[in-house]
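Step one of this worksheet: look at the structure below.
First the proteins, then the strands, lettered A, B, ... as listed; each starts at 1.
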There are 2 protein chains.
Amino acid sequence: MTAPYRRPVLPPTLADVADRAGVSRQTVSNALNNPALLRPDTLARVQDAIAELGYTPNRAARNLRTRSSRLIGLRHPPAHEGTADALMDRFVHSLVDRCRQSGYHVLLFAGDDADPSVGYEELVNSTAVDAFVVTDTFLGTPQTTWLERQRVPFVAFGRPWESPSAKHPWVDVDGAAGGALAARHLLAVGRQRIAWLGWRKDSRIGEDRRSGWTAAVREAGLPTTGLAARVDDTLSSGREGAAMLLDEARPDAILCASDTLAMGALHALAERGITPGRDVAVVGFDDSQAAQLVPGGLTSVRLPLEEVAIEVVAALEGLLARPPMLLPPRLLEPTLRVRGTSAAR
Amino acid sequence: MTAPYRRPVLPPTLADVADRAGVSRQTVSNALNNPALLRPDTLARVQDAIAELGYTPNRAARNLRTRSSRLIGLRHPPAHEGTADALMDRFVHSLVDRCRQSGYHVLLFAGDDADPSVGYEELVNSTAVDAFVVTDTFLGTPQTTWLERQRVPFVAFGRPWESPSAKHPWVDVDGAAGGALAARHLLAVGRQRIAWLGWRKDSRIGEDRRSGWTAAVREAGLPTTGLAARVDDTLSSGREGAAMLLDEARPDAILCASDTLAMGALHALAERGITPGRDVAVVGFDDSQAAQLVPGGLTSVRLPLEEVAIEVVAALEGLLARPPMLLPPRLLEPTLRVRGTSAAR
DNA sequence: ATGAAAGCGCTAACAA
DNA sequence: TTGTTAGCGCTTTCAT
């Protein structure tokens, strides 16, 4: 049952490399961290020794010495079943990829939904990570205020809605621009009564997206009153909200705050025998897999998560540079993926 | 009388705790790692000091000393756009959650798709992680054979298809059982001509799932010949494959190797005005968000990813225990989520 | 049950 | 340009 699953020999150390190259340990360290200091022939000799031994610096030792781990902490929130929030997956991948290019790795930790600061504190005090990426600023900002007070470096994906005076770096996507983009697209394909199916009023992200709809529709001289519904972000709420809109407001398009709601709207249309895209257009938000896969295809606002990751890592590097450099907030523009539910007629 | 505490710039160290508690550093270390050695009153005094100072052991120092990082490496593969493989998200979350309960954290790294060993090697040599979770065994096993030869501890999610003699721990889901489960369900709701829409023959996972379909259908004395199509795992391939089956084989049910293919099949049905679940049943694999959200709902085989994570972490703990214990492979049973596309008639 | 000493592998500061 | 010294914070002997 037991097996010798440990590596047979210990990995080579910096001292081994120094011996082999016939130089001191410090010279090897310099070859790694400050190669310009070495004479070319010495550098080459050291690099040969490194290659021959397959040497890689021991991270624990380096971390201990430099007081930095080159690890970025990211709380991995539970995926909500039955919703279309596969955003995280795309973002995490982009983040991991950009981090690699900067020599960082991503450390995932599970937070407590009740007390969001719980995971952060332990990782900070144990110097396990150099900084955090905080993604759930829509939950209010207990973490960010805590992190800020503790002077822990972090970059937020999401605006500090509750405390606009917060000075930490953040990157966000312009929801209002996305809402307007979608609304103008619907106007362009000939829709006149564009309804909004969104989240409850306490959602700042929801209100942001909604404001784009309001602005674009009014700009076209068309009505918004009586054409809005606010519900929870669930499939069934979306279906019920859309049903209500269809029965009471007679819209020819429904613009939704999320793909989850948009899929709910498609349910409502199907139940009434209404064809999406022909009779009533539907547009969602987030360009989820469901939007991409549903028969006919669901038009959706796509968040530029790859760009977000780039900006987040840039801000992180600024923060961790010496001296630290505080990059200004970045608000990125979403795009629109047009599919069958908003075909031109 | 205790002295007033002022939060220092640097986190408190073990020596700070020792000073405050009036004991030696080693006693504090023992309080942490071997509390049974201490006299109850000493232990209490140390714990008080730890709490007062908000002390958390420095991970780098501990890692350096113990030669372990309590980090588990996980390669985060790129999410394929336009497919329903949101599996990873659910699995990662379960894994992170279980790891926390065992005092581990998950380190994400981006691999190179061309040379899958690239990320692993650096992390191993730098002792950045104690072990790996390998998820993409369906790609063949360059990583696993490499890891095994390097004697790096790892647990695979996925069988060693190419090398059944491999002795590393692994956890997998029984695809054949899933295929049979879905097929029997379709038989139970009165379907007689159950087609298979699967991947190409070189996919071991696909052949595994398919074998369950074959067995269950034959067991019922019904035909399988002429009722199978093999395509790539894309939406359009699924649509085309389903279209071919519908036109040439007249099935009353299509069992698919993935939700992506199943969504493609729904496209094909929609184009023909065929109602899923009434005229032709459709069942997918993986219980993706698309399956949960698509109007009518897509019946799908659900992988027990939470259980997989539990077993993976258990195997990991065995591997990292001293002496190491090699847990036997685990093959877990999937379940079926019945939705509208396979309603009883 | 508690304490003293050593050292894990690395890099910052300084010396040569 | 290269080498020497010191020490990051912790745990592992071993001694008391």
Side-chain angles (χ1 to χ4, degrees), chain A residues 6-7 9-47 49-50 53-70 103 122-128 130 322, chain B residues 8-47 49-50 53-70 103 122 124-128 130 322:
Chain A
R6 303 196 68 177
R7 288 167 46 84
V9 290
L10 295 178
T13 72
L14 186 135
D16 297 329
V17 177
D19 280 355
R20 187 169 190 92
V23 296
S24 75
R25 296 185 340 220
Q26 185 53 41
T27 301
V28 179
S29 177
N30 284 336
L32 255 34
N33 304 311
N34 241 324
L37 289 180
L38 299 204
R39 223 170 37 208
D41 60 318
T42 316
L43 180 58
R45 220 165 62 243
V46 174
Q47 284 171 337
I50 288 174
L53 295 174
Y55 167 75
T56 313
N58 179 305
R59 286 181 87 96
R62 178 176 270 181
N63 295 350
L64 178 59
R65 189 62 239 227
T66 62
R67 296 177 182 284
S68 89
S69 61
R70 304 207 66 90
E122 186 226 326
L123 291 171
V124 168
N125 290 344
S126 64
T127 63
D130 291 348
R322 287 184 297 198
Chain B
V9 181
L10 295 177
T13 72
L14 188 135
D16 297 330
V17 176
D19 280 355
R20 187 168 189 91
V23 297
S24 74
R25 301 193 330 237
Q26 294 63 36
T27 300
V28 179
S29 178
N30 284 336
L32 254 35
N33 303 311
N34 241 323
L37 289 181
L38 300 204
R39 224 170 37 209
D41 61 320
T42 317
L43 180 59
R45 222 166 60 245
V46 173
Q47 284 171 337
I50 288 175
L53 295 173
Y55 168 74
T56 313
N58 179 306
R59 284 181 88 97
R62 177 175 272 180
N63 296 350
L64 178 59
R65 189 60 238 230
T66 62
R67 295 176 184 284
S68 90
S69 62
R70 304 207 66 88
E122 187 227 324
V124 168
N125 289 344
S126 64
T127 63
D130 291 348
R322 287 184 299 197

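- Annotation: salt bridge (charged side-chain N to carboxylate O under 4.0 Å, His left out) contacts involving residues 28-37 of chain B, sequence neighbours excluded, are absent.
- Closest non-hydrogen pair, A/Asn125 versus B/Pro11, comes out as O-CB, 4.0 Å.
- Remark: A/Ser126 pairs with no residue by the side chain to side chain donor-acceptor pair (under 3.5 Å) rule, at least two apart or across chains.
- B/Asp19 meets the side chain to side chain donor-acceptor pair (under 3.5 Å) test with no other residue; sequence neighbours excluded.
- Boundaries of the chain A contact region on DNA chain D are D/dT1 to D/dG9, first to last in 5' to 3' order (nucleotide atom under 4.0 Å from a heavy atom).
- Applying the salt bridge (charged side-chain N to carboxylate O under 4.0 Å, His left out) test to every pair with at least one member in residues 24-34 of chain B, sequence neighbours left out, gives no pairs at all.
- In this structure, the side chain to side chain donor-acceptor pair (under 3.5 Å) partners of B/Arg62, at least two apart in sequence or on a different chain, are B/Asn33.
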Expected rows: protein N/O vs nucleotides 14-16 of chain C N/O, under 3.5 Å:
none

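- Looking at heavy atoms from C-beta onward, A/Ser24 lies in side-chain contact with A/Thr27 at the 4.5 angstrom threshold.
- Contacts of A/Arg20 classified as salt bridge (charged side-chain N to carboxylate O under 4.0 Å, His left out), with partners at least two apart in sequence or in another chain: A/Glu52.
- A/Asn30 and A/Gln26 form a side-chain donor-acceptor contact under 3.5 Å, judged by distance and modelled atom types alone.
- For A/Arg67, there are no salt bridge (charged side-chain N to carboxylate O under 4.0 Å, His left out) partners at least two apart in sequence or on another chain.
- Looking at residues two or more places apart in sequence or on another chain, you find no side chain to side chain donor-acceptor pair (under 3.5 Å) involving A/Asn34.
- Residues B/Thr13 and B/Tyr55 approach most closely at C-CE1, 3.5 Å, considering heavy atoms.
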Pull out every protein N or O sitting under 3.5 Å from an N or O of nucleotides 8-12 of chain C, one pair per line with the distance.
from	atom 1	to	atom 2	distance (Å)
C/dC8	O3'	B/Arg67	NH2	3.1
C/dG9	OP1	B/Arg67	NH1	3.1
C/dG9	OP1	B/Arg67	NH2	2.9
C/dG9	N2	A/Ala61	O	3.4
C/dC10	OP1	A/Tyr55	OH	2.5
C/dC10	OP1	A/Asn58	N	3.0
C/dC10	OP2	A/Leu14	N	2.4
C/dC10	N4	A/Arg25	NH2	2.8
C/dT11	OP1	A/Asn33	ND2	3.1
C/dT11	OP1	A/Arg62	NE	2.6
C/dT11	OP1	A/Arg62	NH2	2.9
C/dT11	OP2	A/Ser29	OG	3.0
C/dT11	O2	A/Arg65	NH1	2.7
C/dT11	O4	A/Arg25	NH2	3.3
C/dA12	O4'	A/Arg65	NH2	3.4
C/dA12	N6	A/Gln26	OE1	2.6

| For DNA chain C, the dot-bracket pattern of Watson-Crick and G-U pairs whose distances stay under 3.5 Å, | for other-strand partners | ||||||||||||||||
